[in-house]
Amino acid sequence: MTIKEIANNLGLSASTVSKALNNASDVSAETRDRVNGYAKAVGFSLRRNTDSKRICVIFENMDSSSTAQVSYNVLTGFQQAANAYHYEIVVEHCTSKNPPNLKRLCHENDFCALMILGTKLDSPLIKELESANITAMLMDSYVKNPKVACISSDNINSVAAVVAHLTQLGHRKIGFLGGDKKSVVTRERFSGYLVGLNEADIEYNGNYVRYGNYTESCGLEAADYFAGTDVTAVVCASDLIAIGLINGLKKHGLQVPEDISVSGFDNLDVARYFSPALTTVKQDFISLGENAFTLLRQAIKGNKIKRVTIHTEPIFRDSTAPVKE
């Protein structure tokens, strides 16, 4: 018998049953006695983590629709892969200001591993994972711990390909609009921007670079800045940032792509229906999720997996065009 079966039989959640079996403080004495009495009656013995097939997916800082959409699409692929091996997936949300204690979370809920999305470099979760004996998978982040693996899209080469596309259209004054500077994914996409400039023999200009967050409002606000520069194209770190930038540029009387070319990243559904249809980078979210589970399952078995990058595909649409003469 499993924790989930006990939960179903008692009309409780699996989390509550697990906490009761582990004598967690946030479960009433009555519930603990009921659960432990039933477990003893059916001959259930709690085997911590070694035989557990429970994984917790933690969403941290889901404060933008872009980040949330990407993360939940990844979760779909992760869940599909986990179902094939009969793993139970439990979803938790937190913020950097109110993070869970990961050791306690795993102990009290009998989680054998964690999948964490949405972290920043200064996240308390990252700091705990640096030394904790916890098997975990991070997306778009990195920790120097042999028990923690990482998966991400090929951010650097993807953005470099977009910059190459723009230079082929004659652009030499190309800007970059990134998300949070403390985000690994922002840094990697900025690195791709630098690689693209270098390959085209274009000198880097710090005045062409701005940062914000992964929201449409970031692009709207940045439009006030870029409208006052001589850039002919802007590479954005996400589709929503790009859409905000395009709408903001319109308020300054600048048309995309006639006056300024703009590209995004993610290939959200809105990218192809927006006007102009957005040049972007397609991430395979389902593949990211499926591969994340496959790698995490190997890590649970004791195999050392570090970092894996998933192939992306640049998609060139109407928001980029030859430079205006």
Discussion item. What verdict does the side-chain contact (heavy atoms from CB on, under 4.5 Å) test give for Ser263 and Phe316, after you've listed the backbone C-alpha separation in whole Å, the side-chain angles of each residue and the deciding distance to 0.1 Å?
Written reply: CA-CA 9 Å; Ser263 69; Phe316 306 124; over 6 Å; no
Item to complete: Show your reasoning for whether side-chain contact (heavy atoms from CB on, under 4.5 Å) applies to Val308 and Cys150.
Response: CA-CA 6 Å; Val308 173; Cys150 172; over 6 Å; no
Discussion item. Run the side-chain contact (heavy atoms from CB on, under 4.5 Å) test on Leu240 and Asp266 for me, step by step, so that the C-alpha distance in whole Å, both residues' side-chain angles and the decisive distance to 0.1 Å come before the verdict.
Written reply: CA-CA 9 Å; Leu240 287 189; Asp266 290 330; over 6 Å; no
Discussion item. Assess the residue pair Leu169 and Val323 against the criterion (side-chain contact (heavy atoms from CB on, under 4.5 Å)); give the C-alpha distance rounded to whole Å, side-chain angles, the decisive distance to 0.1 Å, and a yes or no.
Written reply: CA-CA 6 Å; Leu169 294 174; Val323 65; over 6 Å; no
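Residues Val159 and Val281 have side chains not in contact (no heavy-atom distance under 4.5 Å, counting atoms from C-beta outward). Taking 4.5 Å as the limit, some side-chain heavy atom of Val35 sits within range of a side-chain heavy atom of Leu21. With a 4.5 Å cut-off on side-chain heavy atoms, Tyr193 and Tyr204 count as touching. With contacts defined as side-chain heavy-atom distances shorter than 4.5 Å, the pair Gln168/Leu166 does not qualify. At least one side-chain heavy atom of Leu75 sits less than 4.5 Å from a side-chain heavy atom of Val57. At a threshold of 4.5 Å between non-hydrogen side-chain atoms, the residues Val185 and Phe265 do not count as touching. By the 4.5 Å heavy-atom criterion applied to side chains, Ile116 and Met139 are not counted as neighbours. In this structure the side chain of Tyr225 reaches within 4.5 angstrom of the side chain of Asn207, judged on heavy atoms.
The list of salt bridge (charged side-chain N to carboxylate O under 4.0 Å, His left out) pairs with a residue in residues 285-310, not counting sequence neighbours, reads Glu188-Arg307.
In plain terms, the two heavy atoms of Ser287 and Asp284 that are nearest each other are N-OD1, 3.1 Å. Residues Ile6 and Ala39 come closest through the heavy atom pair CD1-CB, 4.4 Å. Val148 approaches Ile134 most closely through the heavy-atom pair CG2-O, 4.0 Å. Between Leu296 and Ala136, the shortest heavy-atom distance links the atoms CD1-C, 3.8 Å. The heavy-atom pair separating Gly178 from Ala237 by the smallest distance is CA-CB, 3.8 Å. Nearest approach of Pro314 to Ala161, heavy atoms of both residues: CG-CB, 3.9 Å.
Donor-acceptor pairing under 3.5 Å is lacking for the side chains of Asp180 and Tyr214. When only modelled atom types and interatomic distance are considered, Asp154 and Ser158 share no side-chain donor-acceptor pair under 3.5 Å. The closest side-chain donor-acceptor pair between His165 and Thr279, if any, does not fall under 3.5 angstrom. No side-chain donor from either of Glu60 and Thr95 sits under 3.5 Å from a side-chain acceptor of the other. Asn9 and Glu5 share no side-chain donor-acceptor pair at under 3.5 Å. Side-chain contact annotation: Ser18 with Glu108, donor-acceptor N/O pair under 3.5 Å absent. A donor atom on one side chain and an acceptor atom on the other are not found under 3.5 Å apart for Glu130 and Asn145. Between the side chains of Asn155 and Ser153, no donor-acceptor pair is found at a separation under 3.5 Å. Residues Ser15 and Asn109 bring a donor and an acceptor atom of their side chains to less than 3.5 Å of each other.
Results of the side-chain contact (heavy atoms from CB on, under 4.5 Å) test with Ile246 over Val256, Leu220, Ile241 single out Val256 as the only residue that passes.
Looking at Glu88 and Arg54, a side-chain N of the basic residue comes within less than 4.0 Å of a carboxylate O on the acidic one, giving a salt bridge.
For the atom pair NZ (Lys251) and CG (Leu254), the distance works out to 13.5 Å, reported to the nearest 0.5 Å. From Asp140, atom CG reaches atom OG1 of Thr119 across 8.0 Å, with rounding to the nearest 0.5 Å. In this structure, the separation between OG on Ser238 and CG on Asn213 is 9.0 Å, given to the nearest 0.5 Å. Expressed to the nearest 0.5 Å, how far CG of Asn73 lies from CG of Leu288 amounts to 10.0 Å. Between Cys236 atom SG and Leu177 atom CG the span is 4.5 Å, to the nearest 0.5 Å. Distance check, rounded to the nearest 0.5 Å: CD1 of Ile286 to CG of Asn291 gives 11.5 Å.
No more than 12 heavy-atom neighbours from other residues, nucleotides or ligands sit within 6.0 angstrom of CD on Glu30. Within 6.0 Å of the CG atom in Asp26, the count of heavy atoms belonging to other residues, nucleotides or ligands exceeds 12. No more than 12 heavy atoms of other residues, nucleotides or ligands sit less than 6.0 Å from atom CD of Glu203. Heavy atoms of other residues, nucleotides or ligands lying less than 6.0 angstrom from NZ of Lys181 number 12 at most. With a 6.0 Å radius and a threshold of 12 heavy atoms from other residues, nucleotides or ligands, Lys147 has its NZ atom above the threshold.
Using a 4.5 Å cut-off between side-chain heavy atoms of Ile, Leu, Val, Met, Phe, Trp and Tyr, with links allowed through other members, Val184 and Val74 fall into different hydrophobic clusters. At a threshold of 4.5 Å between side-chain heavy atoms, the hydrophobic network of Ile, Leu, Val, Met, Phe, Trp and Tyr places Ile89 and Leu295 in one connected group. Under the 4.5 Å side-chain heavy-atom criterion for Ile, Leu, Val, Met, Phe, Trp and Tyr, Val27 and Leu12 are members of distinct hydrophobic clusters. Under a hydrophobic-cluster definition in which Ile, Leu, Val, Met, Phe, Trp and Tyr are linked whenever side-chain heavy atoms come within less than 4.5 Å, directly or via other members, Ile315 and Phe274 are assigned to different clusters. A continuous path of Ile, Leu, Val, Met, Phe, Trp and Tyr side chains, each step under 4.5 Å between heavy atoms, connects Leu102 with Val90, placing both in one hydrophobic cluster.
Under the 3.5 Å distance criterion, the side-chain polar atoms of Asn303 are left unmatched by any main-chain donor or acceptor of Ala299. Under the 3.5 Å distance criterion, the side-chain polar atoms of Ser261 are matched with a main-chain donor or acceptor of Ala321. Remark: the backbone N or O of Leu278 is paired with a side-chain donor or acceptor of Arg317 at under 3.5 angstrom. At least one donor-acceptor pair closer than 3.5 Å links the side chain of Lys53 to the backbone N or O of Tyr85.
A cation-pi arrangement is absent between Arg210 and Phe176 under the rule of less than 6.0 angstrom and at most 45 degrees off the ring axis.
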Side-chain donor-acceptor pairs of residues 194-202 under 3.5 Å, sequence neighbours excluded:
none

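Note: Phe293 and Phe78 have perpendicular aromatic rings, judged against thresholds of 30 and 60 degrees for the angle between ring planes.
With sequence neighbours excluded, no residue forms a salt bridge (Lys or Arg N to Asp or Glu O under 4.0 Å) with Asp33.
Ring-centre distance between Phe226 and Tyr208: not below the 6.0 Å cut-off.
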